[in-house]
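As structure tokens, the structure follows; a few thoughts come after it.
The sequence lines fix the lettering, A, B, ..., with proteins before strands; numbering per chain opens at 1. Since the structure is predicted, the reported quantities are computational estimates derived from the model, not experimental observations.
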There are 2 protein chains.
Amino acid sequence: MFRLSKITDYGIVLLSHMAGSDDRAGDHVIHNARELADHVDLPLPVVSKILKSLAREGVLESHRGARGGYSLKTNAERLTVAQMITVLEGPVAMTECADSAGQCLHEESCAMRSPWQLINHVVKNALEEISLADLIRATDPLAAILSSPIQPDQPARLGDG
Amino acid sequence: MFRLSKITDYGIVLLSHMAGSDDRAGDHVIHNARELADHVDLPLPVVSKILKSLAREGVLESHRGARGGYSLKTNAERLTVAQMITVLEGPVAMTECADSAGQCLHEESCAMRSPWQLINHVVKNALEEISLADLIRATDPLAAILSSPIQPDQPARLGDG
DNA sequence: ACTATATCGGACCAAATCGGTCCTGTAAAT
DNA sequence: ATTTACAGGACCGATTTGGTCCGATATAGT
Ligand code: FES
Ligand code: FES
């Protein structure tokens, strides 16, 4: 179906919410799982599971014990969608042979390795152009960008410019 | 896992093979399923299944009966990876709410619709930049492009230049 | 007309993946 | 000590995927 998993979907929503409520100085506010679950209207265990893995992978910082929770560990400008996806569902590898060598049966007789790498590269690159900050900025001034396709000779980078 | 399904993977390989063996004048050669299955070293029923759906969706033209088979219906320059993916596994919609309105439960209270559309748009756009012709061209002169990341101020379009 | 060749459409099943829940343990604050 | 909240992972039902198989139909060649 070519979709991101729901875990990834939810995870990015959670990260956006957290980044959006960080104070202006850029300090990282602590949110606990229950609070976040309420906010995005998802079951606590699900949210909890996602936050745990985000913490394990170093995207969030966890604070245990009473009044604990999670806070962003990275600057929202620097955290890309590609990274979030990678953390939440493994490396962006559109097919088995898109990665480096050795995985695929055919490989020798196959003229497709480079093509797959091309596809993979282009998608990965596109996802690396979007930062978490772009996402929380996107709610309004996006319309203009969305209505017209991104031109190759225009900057592909969004938000920063 | 953020992968294309194997059907899609195989399908694109098959299309590449067919496009690659079209004669120089651009005429579309007929290949039958068995021949193609041998060539890409996959079980006949699998290849057959894929070709059937490609034909049903109008990407291939089918020729029934003895000495029948399939031929490309579209120019390889015009057929994009985005189209192939769409045909083989449905529209590129990275999350449920990436499409147009009405699907999602939250939607009202949700600040994520535009962000998802942004992500979806960027990926879709990237996939639309690659044509089948690009893929069969990619085997050799690609290395240089792949080794250095695409710069935003360089052309994002590959193959045509 | 008969036969061999191929596609057409869909049913079918096993295996893998996904989405979600739950439980036990541990660290911190009061 | 008690309460709060994260850590880690087992677990299970539901869905999706990957792959096979079959009966029907259309065409080419004899
Ligand atoms: S290397 Fe895997 S199919 Fe080509
Ligand atoms: S519209 Fe679906 S989560 Fe926002």
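- Nucleotide C/dG9 holds its P atom 11 Å from the CD atom of B/E57, rounded to whole Å.
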query = What string of B, S and - do you get for nucleotides 20-30 of chain D 5' to 3' if you count protein non-hydrogen atoms under 4.0 Å?
reply = B----BBBSS-
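- To the nearest 0.5 Å, atoms CD1 (B/I85) and CD1 (B/I12) are separated by 5.0 Å.
- Residues meeting the side-chain hydrogen bond (donor to acceptor under 3.5 Å, both in side chains) test with A/S71, sequence neighbours left out: A/H63.
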request  = Under 3.5 Å for both distances, Watson-Crick or G-U wobble, that's the pair rule; now give the dot-bracket for DNA chain C, with | marking pairs to another strand and [ ] for crossing ones.
outcome  = ||||||||||||||||||||||||||||||
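- Residues B/M18 and B/L60 have side chains in contact (heavy-atom distance under 4.5 Å, counting atoms from C-beta outward).
- Residue A/L4 holds its CG atom at 8.0 Å from CG of A/L127, rounded to the nearest 0.5 Å.
- A straight line from CD1 of A/I30 to C1' of D/dC6 spans 12 Å, rounded to a whole angstrom.
- Residue contacts shown for A/R34 are absent, as no nucleic acid heavy atom lies under 4.0 Å away.
- Contact annotation: the side chain of A/M94 approaches that of A/F2 to within less than 4.5 Å [non-hydrogen atoms, C-beta and beyond].
- The CD atom of B/E35 sits 14 Å away from the C1' atom of C/dT5 (whole-angstrom rounding).
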Are there any protein N/O atoms within less than 3.5 Å of an N/O atom in nucleotides 13-17 of chain D, and if so, which ones and at what distance?
unit_1, atom_1, unit_2, atom_2, d
D/dT17, OP1, A/M1, N, 3.2

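- Atom CD1 in B/I50 sits about 14 Å away from atom P in C/dC8, given to the nearest Å.
- Contact of the B/Y70 side chain with the B/L54 side chain is not registered, since no non-hydrogen atoms from C-beta on lie closer than 4.5 Å.
- The CG atom of B/L88 sits 7.0 Å away from atom CG of B/L15, with the distance rounded to the nearest 0.5 Å.
- Applying the 4.0 Å criterion to OP1 and OP2 of D/dA5, one finds that A/S48 has every side-chain N and O outside that range.
- The line from CG of A/L79 to CE of A/M84 is 4.5 Å long, rounded to the nearest 0.5 Å.
- Between D/dA5 and A/Y70, no contact under 4.0 Å exists linking OP1 or OP2 to a side-chain N or O.
- Scanning for side-chain hydrogen bond (donor to acceptor under 3.5 Å, both in side chains) contacts around B/K73 gives an empty result, with sequence neighbours left out.
- In this structure, A/D9 places its CG atom 9 Å from P of C/dG19, rounding to the nearest Å.
- DNA chain D is contacted by both B/T8 and A/G68; A/G68 maps to the nucleotide lying nearer its 5′ end (nearest heavy atom per residue).
- Ring geometry for B/H17 against B/H39 counts as tilted: the plane angle lies between 30° and 60°, on a 0 to 90° scale.
- In this structure A/K49 satisfies the side chain to side chain contact (heavy atoms under 4.5 Å, CB included) test with no other residue, sequence neighbours excluded.
- Look at CG on B/L60: it is 15 Å from C1' on C/dA6, rounded to the nearest Å.
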